[in-house]
Amino acid sequence: MSLIERARRVLPGGVNSPVRAFRGVGGDPVFVKGADGAYLETEDGRRLIDYIGSYGPMIFGHRPPEVTAAIAEALQHSTTFGAPTRAEVELAERICSAFPAMEMVRLVNSGTEATMSALRLARAATGRNKIIKLAGCYHGHADAYLVAAGSGAATLGVPSSPGVPTAVTADTLVAPYNDLDAVQALFQRHGDDIAMLIVEPIAGNMGLVPPLPGYLEALREVTRRHGALLVFDEVMTGFRVAWGGAQTLFDIEPDLTTLGKVIGGGLPIGAYGGRRDLMQQVAPAGPVYQAGTLSGNPLAVAAGSTALRLLASNHDQIYDRLEATSAKLCGGLEDIARRHGIPFTCQRQGSMIGIFFTDGPVERIDHVDASNLERFSRVFHVLLKAGIHLPPSAYETLFVSGAHGEEEINKTFEAFDQALAAEA
Ligand code: KE4
């Protein structure tokens with residue numbers, strides 16, 4: 001019996017997170033048994049260049065020695081206490097120093113927990129129930145966010161999963177990303193009932209879709225005007241696109257920010273934080289309940305603190321290098337597609353890259369839906385056979401790391417050229 005057949009007998013779809021099952025590209029997933037730098041080592045003995053990067057955490061590539069050593073050291077003192085530690089205070093201080101809009105922060109165990117908690121806090125702080133999310137943004141799997149856009153551009157959300165009560169999603173309003181009129185219309189209609197608008201300031205869950213110029217600034221203005229909180233979901237972008245995340249790139253102060261991925265150095269973590277007057281309402285300082293057995297886990301804190309210390313030590317240089325690698329990759333892929341006369345768009349922000357088989361620009365999820373998804377799947381498998389592992393979905397973001405160098409980029413170009421030759 002194959003490993004995937006064994007897996008499917010005990011794990012739904014054979015995986016512990018849906019995207020890993022290759023449903024977006026067809027075929028069976030590759031089982032990984034190890035990784036180092038920019039490479040994955042597979043169960044069937046292959047070394048693959050890794051553009052998944054665990055969907056964001058692995059900004060240095062796999063097994064950065066300092067992070068591995070910090071975990072090993074923390075392990076000498078046990079793995080969890082259920083008591084406060086100096087290390088979690090130090091990580092919280094470092095996060096707040098990097099994100100000026102985060103005066104206080106609470107550590108949790110996943111991005112989902114972070115956005116779920118931010119939602120409860122926003123509703124408590126405003127006394128309102130409705131929220132706005134943007135179609136194509138993903139904020140984890142808490143009920144209120146599992147919402148597809150209903151009919152029409154801006155409307156009440158309908159559940160996008162069984163098991164999510166319509167009573168819950170009735171309070172979730174949905175508008176297309178980058179469509180300011182749709183958001184204004186929602187505020188015109190529901191303004192005084194809206195607790196918060198949550199947005200990925202640079203969207204990474206429909207491929208990579210940057211905000212249009214002025215979009216985020218306008219969201220800041222309209223939420224402030226209506227007394228709603230602006231929540232930046234930086235689980236993916238936080239410390240990934242810049243030392244202080246997307247909010248420092250765009251110089252916008254959200255009321256709350258959610259984080260994850262990079263701040264755990266590859267171990268389970270999430271965080272939410274923001275204005276002191278809001279965070280002081282979180283238990284036990286205030287009445288808004290939220291808790292977690294393994295929140296602030298010593299191993300995750302050790303790994304995350306070390307990752308942030310490495311980033312802090314020379315962040316301009318590190319982010320410049322990631323920028324250069326990403327620009328080289330994106331530009332080279334576009335040149336190859338142009339040479340083959342194949343409609344293709346590569347969008348990027350820092351080390352986050354979105355590739356789309358369509359003429360750009362790609363500004364919202366319906367542009368991704370209309371792209372050539374079958375071509376993406378074919379190219380995905382040609383690259384995989386050539387030793388390049390993209391994320392297995394056209395709706396995911398590719399991540400380059402500090403470990404991706406000339407050799408990896410050139411190998412990717414060769415494989416992409418081969419894949420498109422078969423398409424032309
Ligand atoms: P987690 O609960 O998966 O730690 O975080 C949820 C989340 C929240 N906000 C944003 C902006 C996110 O990107 C995520 C999770 N990202 C996906 C990548 N598309 C995780 C991959 C997966 O679901 O396996």
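We count residues from 1, following the sequence as given. Counting starts at 1 for both ligands and their atoms, in listed order.
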Would you check the N or O atoms of [X], main chain and side chain alike, for any that come under 3.5 Å of an N or O of ligand 1?
{"X": "Thr112", "value": "yes"}
{"X": "Asp233", "value": "yes"}
{"X": "His139", "value": "no"}
{"X": "Thr115", "value": "no"}

To check your reading of the model: name the closest protein heavy atom to [atom], its residue, and the distance in Å.
{"atom": "atom 6 (C) of ligand 1", "value": "Gly140 CA, 3.6 Å"}
{"atom": "atom 22 (C) of ligand 1", "value": "Ser17 OG, 3.3 Å"}
{"atom": "atom 10 (C) of ligand 1", "value": "Tyr138 O, 3.2 Å"}
{"atom": "atom 1 (P) of ligand 1", "value": "Gly111 N, 3.6 Å"}
{"atom": "atom 20 (C) of ligand 1", "value": "Lys261 NZ, 3.6 Å"}
{"atom": "atom 19 (N) of ligand 1", "value": "Asn205 OD1, 2.4 Å"}

Inset, instruction - Taking Glu5 for its side chain and Met1 for its backbone only, find out whether a donor-acceptor pair lies under 3.5 Å. - result: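 Such a contact is absent between Glu5 side chain and Met1 backbone.
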Polar side chain donor-acceptor pair, [X] to [Y], under 3.5 angstrom:
{"X": "Gln290", "Y": "Arg106", "answer": "yes"}
{"X": "Asp233", "Y": "Tyr272", "answer": "no"}
{"X": "Glu323", "Y": "Ser326", "answer": "no"}

Inset, instruction - Would you check if the distance from the ring center of Tyr55 to the ring center of Tyr138 is below 6.0 Å? - result: no
Inset, instruction - Taking the six-membered ring for Trp and the single ring otherwise, decide whether the centroids of His389 and Phe22 are under 6.0 Å apart. - result: yes
Legend entry - Heavy-atom closest contact (Leu40 atom, Ala35 atom, distance): CD2-CB, 3.9 Å
Counting each atom of ligand 1 from 1 as listed, which ones have a heavy atom of [X] under 4.0 Å away?
{"X": "Glu200", "value": "11 (C)"}
{"X": "Ser110", "value": "2 (O), 4 (O)"}
{"X": "Met236", "value": "13 (O), 18 (C)"}
{"X": "Glu396", "value": "18 (C), 19 (N)"}

Legend entry - Ion pair Asp28/Arg8, N-O distance below 4.0 Å: yes
Legend entry - Carboxylate-amine/guanidinium contact Arg220 Asp255, below 4.0 Å: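 A salt bridge is present here (some side-chain N lies under 4.0 Å from a carboxylate O).
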Inset, instruction - May I ask you to check whether over 12 heavy atoms, not counting those of Tyr289, lie within 6.0 Å of atom OH? - result: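 Counting neighbours around OH of Tyr289, 12 or fewer heavy atoms of other residues, nucleotides or ligands fall under 6.0 Å, so no.
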Legend entry - atom 3 (O) of ligand 1 protein-contacted (non-hydrogen atom, under 4.0 angstrom):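 Not a single protein heavy atom is under 4.0 Å away.
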